[in-house]
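Everything on this sheet refers to the single structure shown next.
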Amino acid sequence: MTEQLAHTPSIAPARGPRQLIFETGSLESRCVEVPALDVPSASMEEMLGGRVRQTALALPHVTEVEIARHYAHLASMNFGVDTGMYPLGSCTMKYNPRLNEDAVRLDGFAGMHPSQPVSTSQGALALMAGLADALAEVSGLPAVTLQPAAGAHGELTAIMVFRAFHTANGDPRTRVIIPDAAHGTNPATVSMCGYEVTTIASDASGGVDMDALRAALDTDVAALMLTNPNTLGLFDPNITEITSAVHAVGALAYCDGANLNAIMGKARPGDMGFDAMHINLHKTFSTPHGGGGPGAGPVCVTEALAAYLPGPVPVRDGDVFALEWPEHSIGRVRGSHGNFGVMVRAYAYILALGGAGLREASEQAVLSANYLKSRLRDAYDVPYDRPCMHEFVLSGARQRRDFGVRTLDIAKRLLDHGVHPPTIYFPLIVDEAIMIEPTETESLADLDRFAEAMLSVAAEAAATPDLLHGAPYTTPVRRLDEVRAVKQPDLRWRPRT
Ligand SMILES: *Cc1c(COP(=O)(O)O)cnc(C)c1O
């Protein structure tokens, strides 16, 4: 271990877990003085009956400074985009401007109640209508619902809309086609909507195999679900041919828009022939995410599908805003209007950048990815080696074959170099996949720091493979049994009795 650490360059010392807050402090410590109880205990008995607590609450007894240090320490054990680059492919963990947090905390937004009448919600409705217009412009699809709570929920909403459309035309159909590079949420959505999944293989260049697509298409097919650019970070050059083939059998084309970060202001899924897409506001339009916080997955559709969208939809009626139900709406998919705070951040981001700024963000994202790919191409295998969009996929197959080092070992070792590892083992079609999405918010110096870490780990894999098998060495916790953590989570603290 000491010898291993000697190989570990310029790394912050590990700061392991300390006590829980319940286990710190002492009984006489406190940070608030509660006024003396002025309810006579007899009348309290009367009011609460047998429900008066007989034992003291097991609350922590700590001073203000102990609390401050406790949480500052916890924050220092975490890794976030404020700590360093967070290049999780497919997740778009970009930096979120603090300005958006200011916007969402404005009294008029933060103090609203979801059941307020339309007459006192005009500002919020104006914001939602403005955001919907902006998303329609970016996607090239004119009708929008903001209700879905996340990307997967947006997919579900859209396929429900497709089903309602096909059913209204007297032909609900039975199957949905999905390429094998798709995100797992796509087949999950299809099953939940009662359709059967037909998987088609990607071709040698990583795109949709046109022959496989044509063979799978018939009048039983309700839709194709496609991510473009796809999860290999590649833009499908046959995209209009693909959507035309889908339409030729009366099916609809769905775009998983999680990768919109690559094409904003450059190309619009509506113009490519897609009938619907979801947009991950929390990925592309800058809401902090990844810790299970709220997201939003608005769905944009063609005029032909607008009547089936969830309702109610904010609409402009002269100088005022109103709420209207689309004629054949599938109903609500979410209480109230969805995650409003995420919409405020997205709108602030869009207004701050403007059309030209969004385009530049995409250009930067694509440039960053191609730069990193070219810096890493000699040290790792590049299974689909053509210019990429905002992300790219390497393979650790060589390291596994030659040195017995798995991609998981590489990811763990990167932690010792102070960088967050990329997404690994996805997409499934790449052996030992390493999926990197640097995003547009990283400086050249940070991209270089990440590249140096990846190159150092590749060199270590060759020279000292066992070093990687034991990594990480410098993190608050070492290598976890991830299967057990999922199967037997132990998240509850029980008070000492
Ligand atoms: C993130 C992602 C999703 C799912 O989005 P959530 O907001 O996490 O539900 C779907 N498809 C792709 C390609 C994604 O990257």
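Every number for a ligand or one of its atoms is a count from 1 in the order of the listing. By convention here, the first residue in the shown sequence is residue 1.
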Taking all non-hydrogen atoms of both residues into account, name the closest pair between F340 and A124 and its distance.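 Closest approach of F340 to A124: CZ-CB, 3.6 Å.
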
For C300 and L141, work out which heavy atoms get closest and say how close.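 Scanning both residues completely, I find the closest heavy atoms to be O-CD1, 3.5 Å.
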
[X] versus ligand 1: do any nitrogen or oxygen atoms come within less than 3.5 Å of each other?
X: H282; value: yes
X: D256; value: yes
X: G151; value: yes
X: A152; value: yes
X: K283; value: yes
X: N280; value: yes
X: N186; value: no

Among protein heavy atoms, which sits nearest to atom 15 (O) of ligand 1, and what does the distance come to when rounded to 0.1 Å?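 That would be S90 OG, 2.6 Å.
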
Begin from the C-alpha positions of F109 and D107 and carry the test side chain to side chain contact (heavy atoms under 4.5 Å, CB included) through to its verdict. CA-CA 5 Å; F109 293 137; D107 285 348; over 6 Å; no

Sub-3.5 Å donor-acceptor pair from the side chain of R105 to the main-chain atoms of E101, do we have one?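 Indeed, once roles are kept as given, a pair shorter than 3.5 Å links the two residues.
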
Below 4.0 angstrom, N of the basic side chain to O of the carboxylate: do [X] and [Y] qualify?
X: R175; Y: E196; value: no
X: R98; Y: D82; value: yes
X: D271; Y: R268; value: yes
X: D431; Y: R398; value: no

Contacting atoms of ligand 1, where contact means under 4.0 angstrom from a heavy atom of [X]:
X: A150; answer: 7 (O), 9 (O)
X: T185; answer: 10 (C), 11 (N)
X: E155; answer: 10 (C), 11 (N)

